[in-house]
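Keep in mind that the numbers below use all heavy atoms, side chains included, and drop hydrogens, waters and symmetry copies.
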Amino acid sequence: MNTTTAATQANVTAATIRTWCRRGAVAAAKVAGRWVIDAASLARRIEIGTRRMTAAPPMVITSKTSTPGVLGVVGPAAQLASAFQAGSPITLGGTKVAGEQVYLGHSQTVYDDGLTVQVKGFDSERGEHAAFPGIACAVYLVDMTRLDAAPTIKATVAKARARSLARAAATEQAAAQYDARITANTSYDC
């Protein structure tokens with residue numbers, strides 16, 4: 001069968017079928033520049049995918065968010081959206097902080113006609129998970145004020161803030177020394 005038919009049967013995109021063919025996830029051969037897919041092999045791959053669909057990809061912490069200094073969680077978009085709306089914690093997995101729990105929703109102050117506090121959860125889409133076809137992933141921002149159930153993350157954030165404050169203090173000290181040198185060099189006694 002061709003990639004279009006296989007994609008319809010597997011309920012994935014034709015690009016996913018071509019990837020499966022290139023990686024050997026399904027038995028296929030190129031004939032006249034087009035993939036010809038073995039139906040039995042595709043059926044086995046669909047069965048594997050169905051078994052995996054019962055499990056979801058792990059939710060992992062990331063520092064790659066659109067808001068500097070705010071962590072995010074990458075995971076199944078539907079689960080993250082549900083947890084954000086319910087205000088329930090997310091249990092992290094797949095990393096050195098597996099088992100720690102974080103809450104979603106970064107509070108930010110907006111100065112428009114007055115003072116408004118907005119809570120932003122959704123940060124960005126990450127597309128379909130490579131190991132879990134059909135599961136859309138997204139990034140949601142972490143509530144950085146509620147890290148008590150995530151001691152490793154809390155300690156890492158505290159260290160990063162301390163380093164940032166030390167750099168800021170050093171910069172201020174260097175600026176003060178520079179100002180003192182300028183003042184000393186410009187005070188003329190005529």
Side-chain angles (χ1 to χ4, degrees), residues 10-13 15-16 19-20 23-25 44-112 114-173:
N11 197 26
V12 296
T13 64
T16 298
T19 300
W20 289 355
R23 292 182 179 171
R44 282 191 303 278
R45 179 66 183 106
I46 292 170
E47 180 186 339
I48 290 169
T50 304
R51 278 187 271 156
R52 277 193 175 171
M53 293 298 279
T54 58
M59 294 190 220
V60 294
I61 200 82
T62 182
S63 60
K64 296 176 183 174
T65 65
S66 63
T67 307
V70 177
L71 298 173
V73 175
V74 180
Q79 281 183 275
L80 291 172
S82 176
F84 171 66
Q85 290 178 352
S88 57
I90 292 292
T91 302
L92 300 171
T95 64
K96 60 184 172 187
V97 294
E100 294 191 5
Q101 292 187 328
V102 295
Y103 290 85
L104 304 177
H106 171 65
S107 298
Q108 58 189 18
T109 305
V110 178
Y111 301 96
D112 42 13
L115 182 67
T116 308
V117 176
Q118 294 178 342
V119 178
K120 181 181 175 188
F122 176 78
D123 188 54
S124 63
E125 290 185 21
R126 287 287 171 97
E128 186 176 289
H129 196 285
F132 296 86
I135 296 181
C137 289
V139 177
Y140 272 71
L141 297 176
V142 171
D143 182 347
M144 301 295 285
T145 63
R146 298 176 72 187
L147 295 175
D148 291 332
T152 306
I153 296 170
K154 187 174 185 175
T156 302
V157 167
K159 285 178 190 174
R161 283 186 181 149
R163 282 192 307 267
S164 180
L165 289 172
R167 280 193 302 269
T171 301
E172 286 181 20
Q173 183 179 12

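Aromatic ring orientation, Tyr140 versus Phe84: tilted (interplanar angle from 30° to 60°).
With contacts defined as side-chain heavy-atom distances shorter than 4.5 Å, the pair Thr65/Leu71 does not qualify. Residues Ile61 and Glu100 form no side-chain contact, since every pair of their non-hydrogen atoms from C-beta on lies 4.5 Å or further apart. Within the 4.5 Å cutoff, no side-chain heavy atoms of Ser107 are placed close to those of Thr145. At least one side-chain heavy atom of Arg126 sits less than 4.5 Å from a side-chain heavy atom of Val74. In this structure, the side chains of Leu92 and Ile153 come closer than 4.5 Å at one or more pairs of heavy atoms.
With hydrogens and angles ignored, the 3.5 Å screen pairs a side-chain donor or acceptor of Thr171 with a backbone N or O of Arg167.
Note that CG of Leu104 is 5.0 Å distant from CD1 of Ile90, once rounded to the nearest 0.5 Å. Note that the NE2 atom of His106 and the CD atom of Gln118 stand 10.5 Å from one another [nearest 0.5 Å]. Atom OH of Tyr103 sits about 11.0 Å away from atom CG of Leu147, to the nearest 0.5 Å.
What you find for Met59 and Gly75 is that their closest heavy atoms are CG-CA, 4.1 Å. The shortest non-hydrogen separation linking Ile135 to Pro57 is CD1-CD, 3.7 Å.
Checking Thr19 against Thr16 by side-chain atom types alone, no donor-acceptor pair falls below 3.5 Å.
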